[in-house]
Engineer: 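Below you will find the structure I want to go over with you.
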Amino acid sequence: MLEIQRIRQEKDAIIAGLAKRNIDATSTLDAIIATDQNWRAAKTNLDQLAAELNQIAREIGELFKKGLQNDASALKAKSSELKTKEVQLKEEVAQHEEALQKLLYTLPNVPHEAVVQGRDAQDNQTTHEAGHIPQFNFDALPHWDLAKKYKLIDFELGVKVTGAGFPFYRGKGAKLQRALIQFFLDEAIAAGYEEFISPHMVNEASGYGTGQLPDKEGQMYYVTEDDLYLIPTAEVPLTNIYRDVILPDGNFSIKMCGYTPCFRREAGSYGKDVRGLNRLHQFDKVEIVRVEHPDNTAKALDEMIAHVQNLLEKLELPYRILRLCGGDMGFASAMTYDFEVYSAAQEKWLEVSSVSRFDTFQSNRLKLRFKDDKKTMLCHTLNGSALALPRILASLLENHQTADGIRIPKALQSYTGFSIID
RNA sequence: GGUGGGAUGGGUGAGAGGCUGAAACCAACAGUUUGCUAAACUGUCGUACGGGUAACUGUACCGCGGGUUCGAAUCCCGCUCCCACCGCCA
């Protein structure tokens, strides 16, 4: 959520920024500013009226003490008269406030100045490309066939027990999955991230804190009985640790990581995009989350990119890094880098990680601040997948397949305990 | 699930209709002094929003939401959460 103070001061810059998302925010911003003015006017009236009422109440108290009941009664009459006015004003203030809130929720984050204008994925800029794309001298299989051939994943069993999008991993497939989680966590810890094992369900306040609610309500599984949401990513519990927190000074850099299963309803998805591991309702992910001083955000983002890059290199996967254009960025992001791994068998790039800086967009909702001398300022938040398992598993299977089986990258062998799946 | 107790500022904890945005103590911060890895003393010490260039000032907030009253941290109702014991159970 954008800060209202910022909208008051930098309206034109915000319009220019949102234009990069192909959004013309002029009318929304005008409405916001008008609503804000109405709200402030009503609020000022209300405050003055309340002050008057407080004053009268105090006087009545004095009169009672002196035993001047009659004078007190006269004031009481006046007070109840003002009281009706107060009720009306309160309602008016509440209405403006609600309208303002609704408008603010509709505005996505303003892209960072380095982000280019663009419509969709076509306009993303490739900033880095590395690794080599394997050439197969045999019939390369997509991962769903490999998974079946080597008995690594059983999709049908998942359908039977739960439903589509909830696969079973088995045998070496399960071990590989566990090895990847361990590997990712160890790497994150080595890079200075503190590991958390978090709850897998969160309350409503946390859903609002990171912005899943109210806009993406349908994306989360909801447990009605207890009013809890299954987490769509570890970002939600980890970031919400810092909801309603004021850090004591500006000298901080918080780095957290955590492995969790992630639950996503993915309502509306269908077709070949959801084949195999490409899109699941439950998947595993190691997430890295940072809370930073605004001065340190750019550096933190670079570190996170380098971290993910390092992972992909150790897994020996051909990848590229894209800086998303305005039109392709998520709602809350100010700047996002996507990591894609090439799948030689599917002959396409698969998104395996997304690293973003949110600047104050999340912290404004979270009320995550720090004390800077006298002032209280909003922190910056960042997060990234490091990494999401299913598509990494898919890329590993597809890119490292040989005629004799699937080769396990060196860095992973001490975790799996085997060097080939055959 | 049952019974009982509780929820106040960074912490402990007073408060029981107007003098309470809230005592006291601890912690923290600033200063004075004596001096030396310390003590004593003094001061500062919640958040949000509005108004004001500012000093400052107004309003709201004592778990949350309602109600009673001229006036609520204090009384009433509903809810949530926490703690203890019991029950059930990994």
Side-chain angles (χ1 to χ4, degrees), chain A residues 1-9 32-105 197 199-209 213-214 222-229 237 240-252 254 261 360 362-379:
Chain A
M1 191 166 60
L2 294 178
E3 301 128 86
I4 183 71
Q5 297 88 334
R6 185 172 165 197
I7 293 175
R8 282 179 203 150
Q9 288 162 13
I32 287 175
I33 287 168
T35 309
D36 180 51
Q37 271 165 0
N38 291 337
W39 174 75
R40 281 196 283 174
K43 167 84 170 146
T44 304
N45 284 340
L46 177 62
D47 282 358
Q48 281 166 358
L49 192 60
E52 204 175 328
L53 277 164
N54 286 342
Q55 178 59 28
I56 290 173
R58 249 173 270 138
E59 282 170 22
I60 291 173
E62 291 297 315
L63 290 174
F64 266 112
K65 249 180 230 164
K66 290 178 188 153
L68 302 169
Q69 318 290 4
N70 286 341
D71 295 355
S73 307
L75 272 180
K76 272 195 202 181
K78 190 179 178 195
S79 175
S80 52
E81 188 190 315
L82 290 179
K83 194 86 186 180
T84 18
K85 245 196 199 165
E86 194 201 18
V87 172
Q88 285 171 3
L89 262 177
K90 262 190 186 162
E91 207 168 300
E92 200 184 315
V93 169
Q95 276 171 10
H96 289 312
E97 217 163 46
E98 200 185 319
L100 186 59
Q101 199 66 225
K102 266 193 185 155
L103 284 167
L104 285 172
Y105 275 142
I197 295 180
H200 296 168
M201 294 189 210
V202 294
N203 56 29
E204 199 180 18
S206 294
Y208 276 96
L213 297 175
Y222 175 52
V223 182
T224 47
E225 188 74 15
D226 296 292
D227 219 14
L228 295 172
Y229 295 86
N240 270 286
I241 292 172
Y242 286 92
R243 170 156 47 84
D244 290 322
V245 167
I246 300 177
L247 299 167
D249 58 65
N251 186 25
F252 64 93
I254 295 159
T360 58
Q362 283 188 326
S363 57
N364 186 33
R365 266 208 215 181
L366 287 164
K367 298 197 177 65
L368 164 52
R369 294 158 291 176
F370 67 97
K371 291 243 191 228
D372 185 49
D373 287 329
K374 285 262 169 186
K375 276 191 288 182
T376 309
M377 312 232 309
L378 292 170
C379 300

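In the text below, chain A, chain B and the rest are named by the order of the sequence lines, each starting its count at 1.
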Engineer: If we call it a pair only when both distances are under 3.5 Å in a Watson-Crick or G-U wobble match, what pairs with B:U68?
Structural biologist: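 Result: none.
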Engineer: Distance check, C1' atoms only: B:A22 and B:G46, in whole angstrom units.
Structural biologist: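 My reading of the C1' atoms in B:A22 and B:G46 gives 11 Å.
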Engineer: P atom, B:G52 versus B:U42: distance in rounded Å?
Structural biologist: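 Rounded to whole Å, the distance is 40 Å.
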Engineer: Near A:Q101 CD, under 6.0 Å, is it more than 12 heavy atoms from other residues, nucleotides or ligands?
Structural biologist: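 Counting other residues, nucleotides and ligands, CD of A:Q101 exceeds 12 neighbours.
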Engineer: By nearest atom, which of the nucleotides B:U59, B:C70, B:G50 is closest to the A:T44 side chain?
Structural biologist: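 Closest nucleotide to the A:T44 side chain: B:G50.
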Engineer: CZ of A:R58 versus C1' of B:U69: gap in Å, rounded?
Structural biologist: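 Interatomic distance, CZ of A:R58 to C1' of B:U69: 17 Å.
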Engineer: Need to verify one output field. Residue with the more 5' nearest nucleotide on RNA chain B, A:Q48 or A:E62?
Structural biologist: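 Nearer the 5' end of the strand: A:E62.
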Engineer: Atom CG of A:L82 to atom P of B:G71: distance rounded to whole Å?
Structural biologist: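 Rounded to the whole Å, the gap is 11 Å.
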Engineer: Across all strands, who's sitting opposite B:G63 as a Watson-Crick or G-U wobble pair, both distances under 3.5 Å?
Structural biologist: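 Pairing partner: B:C79.
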Engineer: Going by purine N1 to pyrimidine N3 plus the second Watson-Crick contact, or the G-U wobble pair, all under 3.5 Å, which nucleotide sits opposite B:G17?
Structural biologist: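 By the stated definition (distances under 3.5 Å), nothing pairs with B:G17.
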Engineer: Which nucleotide, if any, forms a Watson-Crick or G-U wobble pair with B:C89, using both distances under 3.5 Å?
Structural biologist: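 Per the H-bond distance test, none.
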Engineer: Is A:R40 close enough to B:C49 that one of its side-chain N or O atoms is under 4.0 Å from OP1 or OP2 there?
Structural biologist: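 A:R40 to B:C49 OP1/OP2: no side-chain N or O under 4.0 Å.
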Engineer: Between B:A60, B:A48, B:G18, which nucleotide has the shortest distance from any of its atoms to the side chain of A:T376?
Structural biologist: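 So the nucleotide nearest the side chain must be B:A48.
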Engineer: I'd like the P distance from B:G18 over to B:A30, given in whole Å.
Structural biologist: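 To the nearest whole Å, 39 Å.
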Engineer: Side-chain contact, heavy-atom cut-off 4.5 Å: A:D244 with A:L366?
Structural biologist: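 Heavy-atom side-chain distance check fails, nothing below 4.5 Å.
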Engineer: If we call it a pair only when both distances are under 3.5 Å in a Watson-Crick or G-U wobble match, what pairs with B:G58?
Structural biologist: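 Pair assignment: B:G58 / B:C49.
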Engineer: Quick check: do A:N364 and A:L2 have side-chain heavy atoms less than 4.5 Å from each other?
Structural biologist: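 A side-chain contact under 4.5 Å is absent here.
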Engineer: Expressed as a whole number of Å, how far does the C1' atom of B:U32 sit from that of B:A84?
Structural biologist: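 My reading of the C1' atoms in B:U32 and B:A84 gives 49 Å.
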Engineer: It should be established whether A:Q5 places a side-chain nitrogen or oxygen under 4.0 Å from OP1 or OP2 of nucleotide B:C49.
Structural biologist: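 Result: yes.
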Engineer: Considering every strand and a 4.0 Å limit on heavy-atom distances, what is the contact class for A:E81: base, sugar-phosphate, or nothing?
Structural biologist: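 Answer is nothing: A:E81 stays at 4.0 Å or more from every strand.
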Engineer: I'd like the P distance from B:G58 over to B:G6, given in whole Å.
Structural biologist: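 Comparing P positions in B:G6 and B:G58 gives a spacing of 36 Å.
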Engineer: Write down the partner of B:G35 under the Watson-Crick or G-U wobble criteria, each distance required to be under 3.5 Å.
Structural biologist: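 Because no pair has both required distances under 3.5 Å, B:G35 counts as unpaired.
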Engineer: Both A:R369 and A:I60 contact RNA chain B. Which one's nearest nucleotide lies toward the 5' end?
Structural biologist: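 Looking at the nearest nucleotide for each, A:R369 comes out on the 5' side.
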Engineer: Taking atom P of B:G71 as reference, at what distance in whole Å does atom NZ of A:K76 sit?
Structural biologist: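 In whole Å, B:G71 P lies 9 Å from A:K76 NZ.
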Engineer: Just the rounded figure in Å: distance from C1' of B:G51 to CG of A:D47.
Structural biologist: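 It works out to 9 Å between those atoms.
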Engineer: So if I take every side-chain heavy atom of A:F64 and compare against B:G18, B:A48, B:U59, which nucleotide ends up nearest?
Structural biologist: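 Looking only at heavy atoms from C-beta outward on A:F64, the closest nucleotide is B:G18.
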Engineer: For A:L228, is there any backbone N or O sitting under 3.5 Å from a side-chain donor or acceptor partner on A:N203?
Structural biologist: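 No; judged by distance alone, with no hydrogens or angles, the pair does not exist.
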Engineer: Whom does B:C29 pair with, Watson-Crick or G-U wobble, provided both distances fall under 3.5 Å?
Structural biologist: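 In the structure as shown, B:C29 has B:G43 as its Watson-Crick or wobble partner.
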Engineer: Just N and O in the side chain of A:R8: are any of them under 4.0 Å from OP1 or OP2 of B:G50?
Structural biologist: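 For B:G50, OP1 or OP2 has a side-chain N or O of A:R8 closer than 4.0 Å.
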Engineer: Taking atom P in both B:U20 and B:A73, compute the distance separating them and give it to the nearest angstrom.
Structural biologist: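 Looking at atom P only, B:U20 and B:A73 are 13 Å apart.
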Engineer: Can you tell me how far P of B:C61 sits from CG of A:N54, to the nearest Å?
Structural biologist: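 Those two atoms, CG and P, are 9 Å apart.
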Engineer: Which whole-number value in Å describes the distance from A:E204 CD to B:C64 P?
Structural biologist: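 The distance from CD of A:E204 to P of B:C64 comes to 16 Å, rounded to the nearest Å.
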Engineer: OP1 or OP2 of B:G71 less than 4.0 angstrom from a side-chain nitrogen or oxygen of A:K83, does that happen here?
Structural biologist: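 The answer is yes; a side-chain N or O of A:K83 sits under 4.0 Å from OP1 or OP2.
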Engineer: Flag the pair A:D47 / A:K43 as yes when at least one side-chain heavy-atom distance between them is below 4.5 Å, and no otherwise.
Structural biologist: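 Yes; the side chains approach each other to less than 4.5 Å.
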Engineer: Work out how far the C1' atom of B:U69 is from that of B:C75, and round it to whole angstrom.
Structural biologist: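 To the nearest whole Å, 10 Å.
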Engineer: Just the rounded figure in Å: distance from P of B:A48 to CD of A:E3.
Structural biologist: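 Interatomic distance, CD of A:E3 to P of B:A48: 13 Å.
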Engineer: For B:C36 and B:C49, measure between their P atoms and round to the nearest Å.
Structural biologist: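 The same atom, P, in both gives a distance of 49 Å.
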Engineer: With a 4.5 Å heavy-atom cut-off, do A:F370 and A:D249 have their side chains touching?
Structural biologist: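 Counting from C-beta outward, A:F370 and A:D249 never come under 4.5 Å.
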Engineer: Starting from P on B:U59, measure out to CD1 on A:I56 and report it in whole angstrom.
Structural biologist: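 Going from CD1 in A:I56 over to P in B:U59 covers 13 Å.
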Engineer: Heavy-atom distance under 4.5 Å between the side chains of A:R8 and A:R40, does that happen here?
Structural biologist: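 Yes; the side chains approach each other to less than 4.5 Å.
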